[in-house]
Amino acid sequence: MGAVYGTSWSSLIDVEDLKKLPEPARAAYLAERSRTESPSGGAFGTQGPRRGPTDSGGAGSVSAADDAALDGLEISAAQSLELAGLVAEANVDDDVLALLQNELLELTFFLMRSSLAASYRRAVRLRDQVWDLLRRRPRAGRQRELSVIAAKVCTLLAWICEDLGRRAVALGHARAGWMCAEQADHNGARRWIRVAQSRMAFWSGEYAKSAQYAADGHNHPFPDGLDSYLTLLEARARGAAGAQQEALSLLSRWKNSSVYEADPRNEDLFFNLTLDREHYLAGGSLLLLGRAGDALDLLDEAMVLYNRLPRPRRYYGMEMITRIDTVRACLRRGELEAIPAIIGPVLEVQPTRRLTMLCLGIRELAHEISGTPYSKSAIGRELSGTIRDFCDRAELATRGDGQRPLHQKAGPVAARARDAPGGTAGGEGGTCG
């Protein structure tokens, strides 16, 4: 058949064929494939991981044709789903598990201060290490602990890919993470994933689903600090959906709840929110409800709390996203003179540091400030031009998942909030929220 179609026999093998091949034929196929295929570039122009699902040649692995059709990020999502399959089937000692858990913890801090490209590469390396260990069929207790790490690293990959503007890819990682968490029956991992899913649903305009994901996180109790995060995510989604009383009730619950003090020596500050991020999310929710004055108070407090944090515990995008929502609050209060000083640092952010959610925030702000009544004032027109220049320089063209470039029409949150009396658009930013 290979001669008939002018190709080698190995190129005609698909995943289903590979499942049925005897072991000698499978080994021959893998040897042929390794000779004829050149290493594919990673998502950021580097060679992909040395080990991982696509190298296995086993049942369910991604075929060569699939590799050709997918870019690095899409391949990583497919690999994560294959990893979830291994979890259901999979000798690791305490020292190895401790190293992996420590690497996961360090990865959460790394993501708070590093580029998405570097964070993505590090997360993929950790995922592949867990993959290799699961191949060894560890005993049940070890398998569960590895499955928890797998669930959490897939969640971080979903988060990173969402920040890169690749929502479809992010959803694949999130599904894999949920499968791993379910297999491990671990509520802590389930809560991580529900946070990420609520965030993704919100930014795709699925506010009811975003609220449902956040509410479901509370159905899986665990001794961590995620209760406040889940409450704030649900409040924001309810506010975006127009359910004002529900949103205010949730914000009241957050305000009256006890503060969880995470220990950064053995707990992450990624999902266990620092207080500046909590105040930022609460302020954004109040913006959605048209309460610009109350929102401004919380956003100002968020900046104070942010500046008090030691630098290693700061989210590098937190300041910029808070500034964007502070500008929105100032717009609603008619305080245009204060805006240039607030927005200035945002417009100086380098392209490699422009998270997708920062760009979304700037885009919504550009649309809002170009409308009435701001366009009637000289300072409003000047601000609108400056922000649009920034948007044009960013050159964020429409991506494969349908994301709009910065200069196009604003999204439903901004449109509805702009049309409401005293309303504005708020929301979470970058990896910050």
Side-chain angles (χ1 to χ4, degrees), residues 101-102 104-113 148-149 151-153 155-156 159 177 181 184 186-199 202 210-211 213-239 246-286 297-319 321-322 427-433:
Q101 290 162 349
N102 186 65
L104 177 66
L105 178 63
E106 289 186 3
L107 176 58
T108 63
F109 285 94
F110 186 79
L111 180 53
M112 291 171 66
R113 64 180 185 272
V148 172
I149 298 173
K152 291 185 172 183
V153 74
T155 305
L156 294 179
W159 199 286
H186 192 276
N187 280 351
R190 289 185 179 112
R191 284 155 69 91
W192 273 41
I193 297 160
R194 286 307 192 220
V195 164
Q197 289 173 323
S198 176
R199 176 179 184 260
F202 179 85
S210 175
Y213 279 136
D216 185 63
H218 286 294
N219 294 330
H220 305 287
F222 194 77
D224 56 21
L226 269 69
D227 282 337
S228 61
Y229 201 171
L230 291 164
T231 299
L232 287 167
L233 288 175
E234 185 179 358
R236 183 184 63 175
R238 300 293 184 195
E246 291 90 334
L248 290 174
S249 176
L250 288 161
L251 288 173
S252 177
R253 183 200 301 177
W254 163 75
K255 185 177 181 180
N256 295 320
S257 63
S258 59
V259 175
Y260 183 87
E261 296 287 349
D263 183 354
R265 293 171 299 180
N266 51 42
E267 292 180 279
D268 73 279
L269 298 181
F270 193 91
F271 292 97
N272 294 298
L273 294 185
T274 49
L275 286 176
D276 60 315
R277 292 171 66 198
E278 290 191 14
H279 282 70
Y280 159 72
L281 280 173
S285 298
L286 287 171
D297 290 340
L298 284 171
L299 293 167
D300 286 343
E301 181 65 14
M303 284 304 306
V304 171
L305 292 167
Y306 172 84
N307 287 320
R308 287 177 183 170
L309 285 172
R311 289 192 177 275
R313 299 184 190 178
R314 295 179 184 177
Y315 242 137
Y316 80 81
M318 186 72 246
E319 177 187 358
I321 298 302
T322 304
E428 162 193 26
T431 55
C432 305

Quick one: does Y280's side chain get under 4.5 Å of I321's, heavy atoms only? yes

Are T231 and L251 close enough that some pair of their side-chain heavy atoms sits under 4.5 Å apart? no

Shortest non-hydrogen contact from L269 to P264? CD1-CB, 4.3 Å

Test your reading of the model: is there a side-chain donor-acceptor pair from R277 to the backbone of M318, 3.5 Å cut-off? no

Specify the closest pair of heavy atoms between L298 and G283, including all atoms of both residues, with the distance to one decimal. CD1-N, 3.8 Å

Donor-acceptor contact below 3.5 Å, side chain R113 vs main chain P312: no

Which value, rounded to the nearest 0.5 Å, describes the distance between Y315 atom OH and L273 atom CG? 9.0 Å

Flag side-chain contact, heavy atom, 4.5 Å: F222 against R190: no

So which heavy atom on E278 is nearest to which on W254, and how close? OE1-NE1, 2.7 Å

Is there a side-chain contact between L248 and L286, using heavy atoms and a 4.5 Å cut-off? yes

So, for A189 and A181, which heavy atoms are closest and what is the spacing to 0.1 Å? CB-CB, 3.8 Å

Measure from the side-chain N and O atoms of S249 to the backbone N and O of E246, and report whether any donor-acceptor pair falls under 3.5 Å. no

L104 and D268, any side-chain heavy atoms less than 4.5 Å apart: no

Looking only at heavy atoms, the pair that brings L309 and R314 closest together is O-NE, 3.0 Å

Distance-only, no hydrogens or angles: does the E301 side chain make a donor-acceptor pair with backbone N or O of D297 under 3.5 Å? no

side-chain contact (heavy atoms from CB on, under 4.5 Å) assessment of N272 paired with Y260: CA-CA 8 Å; N272 294 298; Y260 183 87; 3.9 Å; yes

Heavy-atom check, side chain of F271 versus side chain of T155, under 4.5 Å: yes

Which pair of heavy atoms, one from H279 and one from L305, lies closest together, and at what distance? ND1-CD1, 3.5 Å

Is any side-chain heavy atom of L230 less than 4.5 Å from a side-chain heavy atom of V195? yes

Those residues that, when tested against D227, pass side chain to side chain contact (heavy atoms under 4.5 Å, CB included) (two or more places apart): R191, H218

Min side-chain heavy-atom separation W192-L156 under 4.5 Å: yes

About how many Å separate CG of L232 and NZ of K255, when rounded to the nearest 0.5 Å? 13.0 Å

How long is the span from the NZ atom in K152 to the NE2 atom in H186, to the nearest 0.5 Å? 5.5 Å

Taking R236 for the side chain and S210 for the main chain, is one N or O donor matched with an acceptor at less than 3.5 Å? no

Please round to the nearest 0.5 Å and tell me the distance separating atom CD of E261 and atom CD of E267. 10.5 Å

Ring centres under 6.0 angstrom apart (F270, F109): no

Reported CD-to-CD1 distance for the pair Q101 and I149, which is rounded to 0.5 angstrom: 4.5 Å

